[in-house]
Each structure stands twice: as structure tokens, then as C-alpha cells.
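Read through the structure below, which is laid out as C-alpha cells, and then see the notes.
Residue numbers count from 1 along this sequence. Just so we're clear, the structure is a prediction, and the values are computed from it rather than from any experiment.
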Amino acid sequence: QPAVCPHVQVQSGIAAVEFAAILPFMLVAYLGGVELGDGVAIDRKVAVTTRSVADLASRYTTIKNADMASILGAAAAVIAPYDPGQLAVTVSQVSVDPKGNAIVTWSDTKNGSARAVNSPITLPGSMATCGGSTSGCTYILGEVKYSYTPTLGYVLTGTLGLSNQIFMSPRESASIQRVNA
């Protein structure tokens with residue numbers, strides 16, 4: 001019988017100890033990367049959903065109840081494959097007077113809180129100037145909030161509130177009439 005070299009057994013033992021020492025760090029790095037990637041993906045989906053609902057609403061001249069239900073319902077299709085039950089969507093029209101004062105003229109929501117009609121709103125940047133218009137202007141405001149619960153990192157972070165908003169100008173008319181019919 002050939003003699004077994006004792007150094008081979010020691011080296012394989014060292015490799016097993018090294019593997020056991022590095023395995024927890026590798027698992028944390030891998031699972032953390034998966035969680036981070038999922039979080040970035042859902043944040044991107046929230047941004048795309050916000051843009052989609054505002055874009056859809058900005059294409060109308062008159063929005064009826066069925067139209068608004070379709071617009072708000074489209075958010076569930078855009079957010080897929082993520083849970084639409086965690087999604088709150090609000091679409092509002094904001095009117096700006098020639099002095100730059102902005103108020104909400106109508107607002108609808110699904111799973112959220114609609115903005116109060118005639119409530120003031122602060123516009124970002126130079127939007128209050130309406131591009132130099134002396135007669136004022138209107139914007140469609142799309143807002144999306146999503147409660148994201150990480151699968152594995154929940155213990156560390158808890159539920160994360162992701163949100164986004166966008167202002168768009170109406171495309172087919174100066175403002176969009178909201179009809180409760």
C-alpha cells in the first residue's frame with residue numbers, strides 16, 4: 001500500500017476552515033446584492049408608473065369616472081410583477097394663475113389620499129412662471145407611493161416608503177375638465 005502523505009490531509013483541512021470562515025461573508029454579499037437589485041428595480045418601476053399615469057391623464061380634454069378608473073388601474077399593469085396592493089396612485093390637475101399661485105383644481109386617487117380641491121401647492125423650479133405666459137397655465141401632477149418590504153433585509157430596514165411625482169402639461173387643451181359621470 002502506498003503511504004498517505006500527511007500534508008495532503010492538513011491542506012484540505014485548511015481549505016475547509018477557510019471556506020467555512022468566508023462562506024457567511026459571501027452569502028451576505030450575494031443576498032445583499034439581490035436585495036439591492038430588487039430595491040432598485042422597484043424604485044425604477046415606481047418612477048415609470050408615475051410617468052405613465054400622468055402621461056395618460058395629460059392626453060385627455062375631458063376625463064370621466066370610467067376614464068379615471070382606467071388611468072388609475074393602468075398603474076397595476078405598469079408596476080407588475082410587483083404587488084399592486086402596496087401601490088397608492090394620485091392624479092391631480094394644478095392651475096397656476098398669472099401671479100404664480102398654484103392650486104389643485106381636481107384630484108383622484110386609488111389606495112391613497114386625493115389632494116383637496118383649491119389647496120395651494122408649491123411648484124418646483126420655474127414652473128410657477130408658466131414659461132412666461134401672462135394668462136397662467138395648468139399641469140397634471142402624477143404621484144405614486146409604494147410600500148416596499150425587502151424579502152431578506154426586512155429585519156434591518158423594515159418597510160421602505162418609495163415615492164415619486166411628476167408634473168406634465170396637458171397635451172390636447174389648455175386644461176382638462178374632470179366630469180363626475
Do any side-chain atoms of residues 37-46 form donor-acceptor pairs under 3.5 angstrom with protein atoms, and if so which ones, sequence neighbours left out?
{"residue": "Asp38", "atom": "OD1", "partner": "Tyr82", "partner atom": "OH", "Å": "3.0"}
{"residue": "Asp38", "atom": "OD2", "partner": "Tyr148", "partner atom": "OH", "Å": "3.1"}
{"residue": "Lys45", "atom": "NZ", "partner": "Val78", "partner atom": "O", "Å": "3.0"}
{"residue": "Lys45", "atom": "NZ", "partner": "Ala80", "partner atom": "O", "Å": "2.7"}

Begin with the C-alpha distance, continue with both residues' side-chain angles, and end with the deciding distance and a verdict on side chain to side chain contact (heavy atoms under 4.5 Å, CB included) for Glu143 and Arg115. CA-CA 11 Å; Glu143 299 172 287; Arg115 290 183 173 265; 2.7 Å; yes

Would you tabulate the side-chain donor-acceptor contacts of residues 19-27 under 3.5 Å, counting partners in other chains and residues two or more places apart, or write 'none'?
none

Got a sec, which residues hit salt bridge (Lys or Arg N to Asp or Glu O under 4.0 Å) with Arg171, two or more places apart in sequence or on another chain? Asp55

Rounded to the nearest 0.5 Å, the CE atom of Met68 sits from the CG atom of Leu56 at a distance of 10.0 Å

Kindly give the cluster partners of Phe167, where membership spreads through any ILVMFWY side chain lying under 4.5 Å from a current member. Val94, Val96, Ile121, Leu123, Met127, Tyr139, Leu141

Please give the remaining members of the hydrophobic cluster of Val117, linking ILVMFWY side chains under 4.5 Å, ordered by chain and number. none

With sequence neighbours left out, the residues meeting side chain to side chain contact (heavy atoms under 4.5 Å, CB included) with Thr109 are Thr90, Ala114

Nearest-0.5 Å distance that lies between atom OG1 in Thr50 and atom CE in Met168: 10.0 Å

Is the closest side-chain heavy-atom distance between Ser169 and Ile140 below 4.5 Å? no

For a quick test of reading the model, state the closest non-hydrogen atom pair linking Ala75 to Val89 and the distance between them. CB-CG2, 3.6 Å

Qualifying disulfide bond (SG atoms under 2.5 Å apart) pairs with a residue from residues 17-116, counting only residues at least two apart or across chains: none

Testing Leu87, Val48, Ile166, Leu162 for side chain to side chain contact (heavy atoms under 4.5 Å, CB included) with Val144, which one passes? Leu87

From Arg51 CZ over to Gln165 CD, what is the distance, rounded to the nearest 0.5 angstrom? 14.5 Å

Keeping to residues at least two apart or across chains, list the disulfide bond (SG atoms under 2.5 Å apart) pairs with something in residues 53-150. Cys130-Cys137

All N/O donor-acceptor pairs, side-chain side in residues 174-181, below 3.5 Å, sequence neighbours left out:
{"residue": "Arg178", "atom": "NE", "partner": "Asp108", "partner atom": "OD2", "Å": "2.8"}
{"residue": "Arg178", "atom": "NH1", "partner": "Ile63", "partner atom": "O", "Å": "3.2"}
{"residue": "Arg178", "atom": "NH1", "partner": "Asn65", "partner atom": "OD1", "Å": "3.1"}
{"residue": "Arg178", "atom": "NH2", "partner": "Asn65", "partner atom": "OD1", "Å": "3.0"}
{"residue": "Arg178", "atom": "NH2", "partner": "Asp108", "partner atom": "OD1", "Å": "3.2"}

Give every residue pair that meets the disulfide bond (SG atoms under 2.5 Å apart) criterion with at least one member in residues 49-78, sequence neighbours excluded. none

Min side-chain heavy-atom separation Tyr146-Asn164 under 4.5 Å: no

Mind listing the closest non-hydrogen atom pair of Ser135 and Pro98 along with its distance? C-CG, 4.0 Å

Identify the heavy atoms of Lys145 and Ser163 that sit nearest to each other, and give their distance. CG-CB, 3.9 Å

Could you pull out all residues at least two apart from Ser95 that satisfy side chain to side chain donor-acceptor pair (under 3.5 Å)? none

Not counting sequence neighbours, list each pair that qualifies as a disulfide bond (SG atoms under 2.5 Å apart) and has a residue in residues 37-115. none

Taking atom types as modelled, find out whether Gln93 and Thr105 have a side-chain donor-acceptor pair closer than 3.5 angstrom. yes

